[in-house]
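Working notes for the structure below.
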Amino acid sequence: MNHTLRICMLGSFTIEINGHLISDRTTRSHKMWALLAYLIYHSEQKISQSEIFSTVWNDDEKTDNPANVLKVMLHRTRCLLNDLDGDLGKQWILSSKGDYHLNPEIPYTLDIIEFENEIKLGREKTNSDERLIHYQKAVSIYKGEFLEKFVGDSWIIPIASYYHGLYVEMLEEMLALYESMQQYSEIINLCQHVCSAEKYEESLYIYYMKALLAVEQYLPAAELYRNLREKLYEEFGVQPCEELQSLFRQARQGLHTDLLDISDIPRLMHADNDDQSMALYCEFDIFKQIYHFSSRGIERNGTVIHLILINITDINGEPLSKRSLTVGVKNLRNLFCDKLRRGDIVSMCSPSQFLILLPNANFENTHKVMQRLINSFYQQYPHTPIKLNHFIQPVMPAPEFNMDKSK
């Protein structure tokens with residue numbers, strides 16, 4: 001044979017010579033193509049029968065005569081190759097003493113080798129334009145994941161992951177170069193080409209959206225974000241990263257629209273809550289609304305919520321001086337917010353009374369929580385003139401207000 005085989009394994013698995021081509025798309029024999037791929041990928045090694053059966057054949061496909069099964073499969077594979085060029089199959093796939101390997105005298109080119117070489121050559125260049133030339137060639141070579149038709153085969157998964165990771169890294173390097181050169185149209189063209197396949201690579205979408213914003217294409221940038229958000233939520237149940245959300249807000253500002261997007265709502269809901277690890281302190285009107293909402297939910301879902309009322313007096317049970325009360329209220333509020341859980345609610349219903357809602361806490365646990373709070377207060381302020389009395393009752397679905405006292 002006087003010509004060189006052209007083999008592609010990125011995307012479709014094809015072998016071509018003299019204008020004749022065979023492809024894994026045109027035959028249903030998975031095993032035959034998987035065997036051929038394994039021999040090509042390990043072309044510098046001799047492969048034993050046992051390795052072929054343990055790797056290419058599934059564990060559940062048992063046979064009493066594996067050597068004969070393999071002999072039949074190799075015969076069919078050689079016949080497939082003979083359709084390309086005379087007795088190519090017999091010349092190329094050799095066997096000796098139960099091992100199989102490819103004839104090193106049969107020349108061929110392999111796209112995965114060319115792909116890696118172009119990236120290596122590009123990274124060796126210090127000139128951006130020269131580097132981009134090699135990267136562009138690598139992009140043209142990468143037609144899809146390594147042996148994408150066989151993506152479920154265990155031996156292929158790590159190899160496919162390696163080449164895909166290499167591809168994405170190179171794309172990020174390309175886009176960074178284009179961005180540094182302010183070649184936004186090149187970024188847009190490249191991303192239009194690759195993002196249809198790389199549906200979930202957020203790093204690529206960041207460059208894409210930045211380029212669209214740079215040339216004031218605000219509507220395409222917003223639509224790009226919405227499409228990505230929908231795909232990410234449907235596939236993984238997550239929202240785009242914070243940087244993409246920020247770029248989306250810039251796109252909407254460019255469109256001069258005041259309409260809120262659903263992704264804005266959680267950010268707005270938490271905008272005034274700087275420390276979400278602490279219990280929530282709110283004004284009494286808000287506390288009442290939370291109480292009413294909680295009491296409605298109790299009847300529906302059977303949750304347990306307890307309400308605590310805390311009275312602040314002096315040691316003799318008399319009202320405190322204004323100064324002592326002001327200092328005490330401030331200290332108690334800080335203590336409650338710091339020591340209680342993030343789901344607990346704190347408020348004041350009078351100048352000398354606190355209210356606390358404890359969701360998912362029974363009476364015993366609520367009493368223990370209150371004792372810990374009181375002990376913490378007196379440990380932290382041992383000379384305080386304040387006396388604390390507390391009362392506990394469960395939140396009821398009906399308006400029942402009889403309190404049980406606990407000191």
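Predicted model only: the values in this text are computed from it and were never measured.
Sparse packing is recorded around CZ of Arg76, with 12 or fewer heavy atoms of other residues, nucleotides or ligands lying under 6.0 Å away. For Glu235, the CD atom is densely surrounded, since the number of other residues' heavy atoms within 6.0 Å is greater than 12. More than 12 heavy atoms of other residues, nucleotides or ligands shown are found within 6.0 angstrom of CD on Gln192. Counted within 6.0 Å of CZ on Phe284, heavy atoms from surrounding residues, nucleotides or ligands total more than 12; the atom is thus considered enclosed.
With hydrogens and angles disregarded, no donor-acceptor distance shorter than 3.5 Å links the side chain of Asp344 to the backbone of Leu358. Formation of a donor-acceptor pair under 3.5 Å by the Ser246 side chain with backbone atoms of Glu242 is not found in this model. Judged purely by atom type and a 3.5 angstrom limit, Ser347 uses its side chain to pair as donor or acceptor with the backbone of Cys282. Side-chain N or O atoms of Asn362 include one that pairs as donor or acceptor with a backbone N or O of Glu364 at under 3.5 Å. Of the possible donor and acceptor atoms, none in the side chain of His390 sits under 3.5 Å from a partner among the backbone N and O of Ile310. At distances below 3.5 Å, not a single donor-acceptor pair connects side-chain atoms of Ser324 with backbone N or O atoms of Leu320. Judged by distance alone, with hydrogens and angles left aside, the side-chain atoms of Asn127 form a donor-acceptor pair with the main-chain N or O of Asp129 at under 3.5 Å. Formation of a donor-acceptor pair under 3.5 Å by the Asp338 side chain with backbone atoms of Asn334 is not found in this model. In this structure, Asn18 contributes its side chain and His20 its backbone to no donor-acceptor pair below 3.5 Å. At distances below 3.5 Å, at least one donor-acceptor pair connects side-chain atoms of Ser23 with backbone N or O atoms of Arg25.
One finds the CG atom of Asn227 at 11.5 Å from the SG atom of Cys195 (value rounded to the nearest 0.5 Å). Put simply, CD on Glu283 and NZ on Lys288 are 12.0 Å apart, with the number rounded to the nearest 0.5 Å. Rounding to the nearest 0.5 angstrom, the gap separating the CZ atom in Phe377 from the CZ atom in Phe336 is 8.0 Å. With rounding to the nearest 0.5 angstrom, the CD atom of Glu16 is 11.5 Å from the CD1 atom of Ile7. The distance from atom CD1 of Ile305 to atom OG of Ser294, rounded to the nearest 0.5 Å, is 4.0 Å. Note that the CG atom of Leu21 and the SG atom of Cys8 stand 8.5 Å from one another [nearest 0.5 Å].
Ala279 approaches Val346 most closely through the heavy-atom pair CB-CG2, 4.4 Å. Of all non-hydrogen atoms in Ile315 and Lys387, the two that sit nearest each other are O-CD, 3.7 Å. Tyr207 and Glu179 get closest at one heavy-atom pair: CE2-OE1, 3.6 Å. For the residue pair Leu175 and Cys191, the shortest heavy atom distance occurs at CD2-SG, 3.8 Å. Minimum heavy-atom separation, Phe150 to Ala34: CE2-N, 4.0 Å. Closest non-hydrogen pair, Met170 versus Tyr135, comes out as CG-CD2, 3.7 Å.
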query: Would Ile308 and Thr366 satisfy side-chain contact (heavy atoms from CB on, under 4.5 Å), going step by step from the backbone distance to the final call?
result: CA-CA 8 Å; Ile308 305 171; Thr366 302; 3.6 Å; yes

message: Between Asp153 and His30, does the side chain to side chain donor-acceptor pair (under 3.5 Å) criterion hold? Intermediate values first, please.
response: CA-CA 11 Å; Asp153 291 14; His30 180 101; 3.2 Å; yes

query: Between Glu51 and Ser48, is a side-chain contact (heavy atoms from CB on, under 4.5 Å) present by the stated rule, with each step listed?
result: CA-CA 5 Å; Glu51 181 177 344; Ser48 66; 3.4 Å; yes

- request: Please assess Val168 against Glu198 for the test side-chain contact (heavy atoms from CB on, under 4.5 Å), listing each intermediate value before the final yes or no.
  value: CA-CA 9 Å; Val168 173; Glu198 304 301 322; 4.1 Å; yes

task: Could you check Glu118 against Arg131 for salt bridge (charged side-chain N to carboxylate O under 4.0 Å, His left out), going step by step and ending with a plain yes or no?
output: CA-CA 9 Å; Glu118 291 296 341; Arg131 181 180 296 180; over 6 Å; no

Test log, rule side-chain contact (heavy atoms from CB on, under 4.5 Å), inputs Phe354 and Tyr281: CA-CA 10 Å; Phe354 276 96; Tyr281 181 87; 4.3 Å; yes

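Ion pairing between Glu130 and Lys137 fails under the 4.0 Å rule for side-chain N and carboxylate O. A salt bridge does not link Lys120 to Glu116: none of the charged side-chain nitrogens sits closer than 4.0 Å to a carboxylate oxygen. Between Glu148 and Lys143 there is no salt bridge, since no side-chain N of the basic residue sits under 4.0 Å from a carboxylate O of the acidic one. Here Glu234 does not pair with Lys231 in a salt bridge; the nearest charged N to carboxylate O distance is not below 4.0 Å. The existence of a salt bridge linking Glu114 and Arg6 is confirmed by a sub-4.0 Å separation between a basic side-chain nitrogen and an acidic carboxylate oxygen.
Between Leu132 and Met174 the shortest side-chain heavy-atom distance falls below 4.5 Å. Counting only heavy atoms from C-beta outward, the side chains of Leu255 and Leu219 approach each other to under 4.5 Å. Within the 4.5 Å cutoff, the side chain of Ile141 has heavy atoms near those of the Leu10 side chain. Between Tyr100 and Ile52, the closest side-chain pair of non-hydrogen atoms falls below 4.5 Å. Side-chain contact check for Pro240 versus Leu232: some heavy-atom pair is nearer than 4.5 Å. Side-chain contact between Leu147 and Tyr38: absent, with no pair of heavy atoms (C-beta onward) separated by less than 4.5 Å. Residues Ile356 and Leu307 have side chains not in contact (no heavy-atom distance under 4.5 Å, counting atoms from C-beta outward). At a threshold of 4.5 Å between non-hydrogen side-chain atoms, the residues Tyr108 and Ile15 do not count as touching.
For the ring pair (Phe, Tyr, Trp, His ring centres under 6.0 Å) with Phe146, the qualifying choice from Tyr167, Phe13, Tyr41 is Tyr41, the only one to do so. Just one of Val327, Asn331, Leu332 meets the side chain to side chain contact (heavy atoms under 4.5 Å, CB included) condition when paired with Tyr381; it is Asn331.
In this structure, Arg252 forms a cation-pi arrangement with Phe248, its terminal cationic atom sitting closer than 6.0 Å to the ring centre and no more than 45° off the ring axis.
Taking the six-membered ring where tryptophan is involved, the planes of Trp155 and His42 are tilted, since the angle between them lies from 30° to 60°.
Taking the ring centroids of Tyr200 and Phe236, they lie under the 6.0 Å cut-off.
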